[in-house]
Novice: 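Below you'll find the structure I mean.
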Amino acid sequence: MEEKAQITVNGQTYELPVLTGTENEKAIDIITFRKDSGCIMLDYGFGNTGACQSAITFLDGEKGILRYRGIPIEQIARNSTFVETAYLLINGRLPTQAELDKFAKSFTDHAALHDGMLNFFKGYPKDGHPMGLLSATVCSLSGYYPELLKPEPSDEEIDIIAAELLSKVRTISAYMYKKSIGADFVPPRADLRYIPNFLHMMFSTKDKDYSMNDAVVSALQALFILHADHEQNCSTSTVRLIGSSWANLFASVSGGVCALWGPLHGGANQKVVEMLEEIHDAGGDIQKFINKAKDPKDNYRLMGFGHRVYKNFDPRATIIKERCHQLFETLGMQDPLLDLAVKLEAAVLKDDYFAERKLYPNVDFYSGLIYKAIGIPTKMFPVLFAIGRMPGWIAHWKEMKTDPRSRIGRPRQIYTGPNVRDYVPIEKR
Ligand code: CMC
């Protein structure tokens, strides 16, 4: 029997259909509610608002479950590669070997930057934040593919744009890094796989090849996989919203980069390490910073804690913490910030303020320490999140484009400004 919900407004009852997802998630379909009742639904931060139905990622924040196309994240992080995960997210299933080879080869074909693009790097301030340049360069890729910028590209055309984005984002990021340190660009190599090629472009020099380390490659692989999608978060919703106006995939993803940049979202990994440095430099008094975060008169937050949907633990954080310790052990490294992070996490988990609000370490808490150990500068951390999130953005844009129910995104509002009043000429004000 079809499920229904009833909403009563001023004594009048309205019956609305209830939808059920494959994991038994329920939604009340309010699409006709305003027309019938005159009311909109108000939901700051869209905490309880669905904007689409999606078959890409399932997450249950209460149980700490995250699955890409049905496959638990723990299995993917243990067994897959970032490129295979990207294929899974974008195409809905795991590839055959031939399909994977073809997909990986398309990255090699699209790795190099167009000559004209190098001017972007020359003109951007050396110390400018790399996310600004990443967003600009990603959007500018549209200029090189006018033939692909149709409102309804075919699957083959989307595949070309996807390869272009997934491959170029890594080249652009490495080039930005070289520019920031005043070093020469190192071009991509056709014989290297996705992550080694990125590390090569980042850390090889004209005179010396980067010495590839399996532990580093594997840690970065895991991080990219864990960041690859997270359903309707701020940046992915932004990508879908921009794309809903029929803007092209390059433009939509460029907006996603900007949304990700914020410290409450993908910029948190940079802020975590900066926070740990601040605590360390101030003498390591963890309690002082915890108290500051708990003070209702202070806006200060402990970065890397809390999540809109995870209310018990973030399964990505559990894996990243383990990988972080493994990497430090394998490389024989020590970092006082790691010790501080462990102590801070333990102190937070014992504190009632954080327990009552269900604030646990999130994906960004330990990821920055891994990037730091690899030698990636702090400002670049959100860029690495963006590389990792690229498959998710592409998959959602593609899903939105191919769903006949998609409409231009256009939330409503409750107006709280002045009522109608007359314009007063300037001399009479
Ligand atoms: N430190 C201290 N207090 C916090 C924190 C924190 N990190 N996060 C939330 N709170 C408090 C907040 O002050 C509020 O308290 P009260 O009820 O007394 O007013 C309560 O917890 C609920 O917070 P909220 O802002 O309503 O929660 P939200 O769901 O809107 O925000 C969040 C989620 C992730 C933006 C937030 O927890 C936060 O700012 N965390 C720090 C930044 C961070 O680590 N972001 C990365 C998130 S994971 C990567 C990603 O997927 O984006």
Side-chain angles (χ1 to χ4, degrees), residues 42-49 56-62 64-66 68 73 131 223-239 256-276 278-279 286-321 341 344-345 347-371 378 381-393 396:
L42 184 63
D43 179 17
Y44 277 91
F46 308 125
N48 194 34
T49 296
I56 301 171
T57 288
F58 171 70
L59 79 80
D60 180 329
E62 276 72 31
I65 292 174
L66 174 61
Y68 295 161
I73 191 64
M131 287 294 265
L223 279 185
F224 283 173
I225 290 173
L226 292 167
H227 285 89
D229 192 44
H230 213 233
E231 49 117 302
Q232 310 307 318
N233 53 82
C234 177
S235 57
T236 303
S237 300
T238 299
V239 170
V257 171
C258 292
L260 187 75
W261 186 357
L264 298 190
H265 190 14
N269 52 17
Q270 172 182 346
K271 295 291 168 200
V272 167
V273 168
E274 288 171 0
M275 171 189 77
L276 293 171
E278 192 191 351
I279 301 176
I286 286 171
Q287 199 52 47
K288 190 172 119 199
F289 287 84
I290 291 181
N291 292 345
K292 199 167 149 56
K294 286 160 60 172
D295 181 352
K297 290 192 228 82
D298 195 329
N299 273 337
Y300 182 80
R301 287 187 170 198
L302 288 183
M303 287 293 147
F305 288 93
H307 201 276
R308 171 62 61 79
V309 287
Y310 290 124
K311 298 300 172 196
N312 270 320
F313 68 97
D314 180 337
R316 301 167 302 171
T318 311
I319 303 172
I320 290 178
K321 180 180 176 182
L344 181 61
E345 181 189 3
V348 163
L349 293 180
K350 272 196 274 174
D351 195 300
D352 286 347
Y353 171 95
F354 293 90
E356 279 158 19
R357 288 165 182 74
K358 299 188 184 298
L359 304 171
Y360 299 90
N362 58 47
V363 69
D364 290 315
F365 191 60
Y366 282 100
S367 62
L369 291 168
I370 298 184
Y371 296 140
T378 321
F381 295 177
V383 169
L384 271 84
F385 195 149
I387 300 177
R389 186 52 56 86
M390 196 55 74
W393 289 334
H396 280 272

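One is the number of the first residue; the rest follow in order along the sequence. Just so it is clear, the model here is predicted, and its values are computed rather than measured. Whatever order the structure lists ligands and atoms in, that order sets their numbers, starting from 1.
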Novice: Output the list of atoms in ligand 1 that are nearer than 4.0 Å to some heavy atom of G304, sorted by atom number.
Specialist: 43 (C), 44 (O)
Novice: Is it true that atom CG of N48 has more than 12 heavy atoms of other residues, nucleotides or ligands lying nearer than 6.0 Å?
Specialist: no
Novice: Enumerate donor-acceptor pairs with a distance under 3.5 Å from any side-chain N or O in residues 357-364 to protein atoms, sequence neighbours excluded.
Specialist:
from, atom 1, to, atom 2, distance (Å)
R357, NH1, Y353, O, 3.2
N362, OD1, D364, N, 2.9
N362, ND2, G304, O, 3.4
N362, ND2, G306, O, 2.9

Novice: First locate atom CG of L302, then atom NZ of K271, and finally report the distance between them rounded to the nearest 0.5 Å.
Specialist: 14.5 Å
Novice: Return the residue, atom name and 0.1 Å-rounded distance of the protein heavy atom closest to atom 40 (N) of ligand 1.
Specialist: F305 O, 2.9 Å
Novice: Among protein heavy atoms, which lies nearest atom 16 (P) of ligand 1, and at what distance?
Specialist: R357 NE, 3.5 Å
Novice: Using a 3.5 Å cut-off on N or O atoms only, is L359 in polar contact with ligand 1?
Specialist: no
Novice: Which protein heavy atom lies closest to atom 34 (C) of ligand 1, and at what distance to 0.1 Å?
Specialist: G306 O, 3.6 Å
Novice: To the closest 0.5 Å, what do you measure between NE2 (H396) and OG1 (T238)?
Specialist: 12.5 Å
Novice: Any chance you could measure Q287, atom CD, to L344, atom CG, to the nearest 0.5 Å?
Specialist: 10.0 Å
Novice: Would you check whether K311 has a nitrogen or oxygen atom less than 3.5 angstrom from a nitrogen or oxygen atom of ligand 1?
Specialist: no
Novice: Under 3.5 Å, N or O to N or O, is H230 touching ligand 1 that way?
Specialist: no
Novice: Output yes when the distance from some N or O of ligand 1 to some N or O of A268 is under 3.5 Å, and no in every other case.
Specialist: no
Novice: Using a heavy-atom cut-off of under 4.0 Å, does the side chain or the backbone of F365 touch ligand 1, or both, or neither?
Specialist: neither
Novice: Where on V363 is there a heavy atom closer than 4.0 Å to ligand 1, on the side chain, on the backbone, on both, or on neither?
Specialist: side chain
Novice: Given K271, K294, R308, identify the one with the heavy atom nearest to atom 33 (C) of ligand 1.
Specialist: R308
Novice: Between S235 and W393, is any pair of side-chain heavy atoms under 4.5 Å apart?
Specialist: yes
Novice: Check whether more than 12 heavy atoms from other residues, nucleotides or ligands sit under 6.0 Å from atom CG of N299, and answer yes or no.
Specialist: no
Novice: As an exercise, state the distance from OH of Y366 to CG of L223, rounded to the nearest 0.5 Å.
Specialist: 14.0 Å
Novice: Among all the protein's non-hydrogen atoms, which is closest to atom 47 (C) of ligand 1, and how far away is it?
Specialist: N362 ND2, 3.5 Å
Novice: Kindly compute the distance separating CD1 (I73) from NE2 (H230), expressed to the nearest 0.5 Å.
Specialist: 8.5 Å
Novice: Main chain of G45, side chain of R308: is a donor-acceptor contact present, judged purely on distance under 3.5 Å?
Specialist: yes
Novice: Could you label the plane-to-plane angle of the H265 and F385 rings as parallel, tilted or perpendicular, counting under 30° as parallel and over 60° as perpendicular?
Specialist: perpendicular
Novice: What distance do Y371 atom OH and Q270 atom CD have between them, rounded to the nearest 0.5 Å?
Specialist: 12.5 Å
Novice: Nearest protein heavy-atom contact for atom 42 (C) of ligand 1: which residue, which atom, what distance?
Specialist: M303 SD, 3.6 Å
Novice: Side-chain contact, heavy-atom cut-off 4.5 Å: N269 with L384?
Specialist: no
Novice: Examine the proximity of ligand 1 to L264 and report which part, side chain or backbone, both or neither, has a heavy atom under 4.0 Å away.
Specialist: both
Novice: Below a 4.0 angstrom heavy-atom separation, can you tell me which part of H265, side chain or backbone, both or neither, approaches ligand 1?
Specialist: both
Novice: Less than 4.0 Å between atom 19 (O) of ligand 1 and some protein heavy atom, yes or no?
Specialist: no
Novice: Checking a contact table here: which protein heavy atom is nearest atom 23 (O) of ligand 1, and how many Å away?
Specialist: R301 NH2, 4.1 Å
Novice: Which option, Y353, Y300, Y310, F354, owns the non-hydrogen atom nearest atom 3 (N) of ligand 1?
Specialist: Y353
Novice: Any N/O of D364 closer than 3.5 Å to an N/O of ligand 1?
Specialist: no
Novice: Considering only the protein, which heavy-atom contact is closest to atom 51 (O) of ligand 1, and what is its distance?
Specialist: H307 NE2, 3.5 Å
Novice: If you measure every N or O of L302 against every N or O of ligand 1, does any of those distances drop under 3.5 Å?
Specialist: yes
Novice: I'd like to check atom 27 (O) of ligand 1 in this structure: does the protein have a heavy atom lying under 4.0 Å from it?
Specialist: no
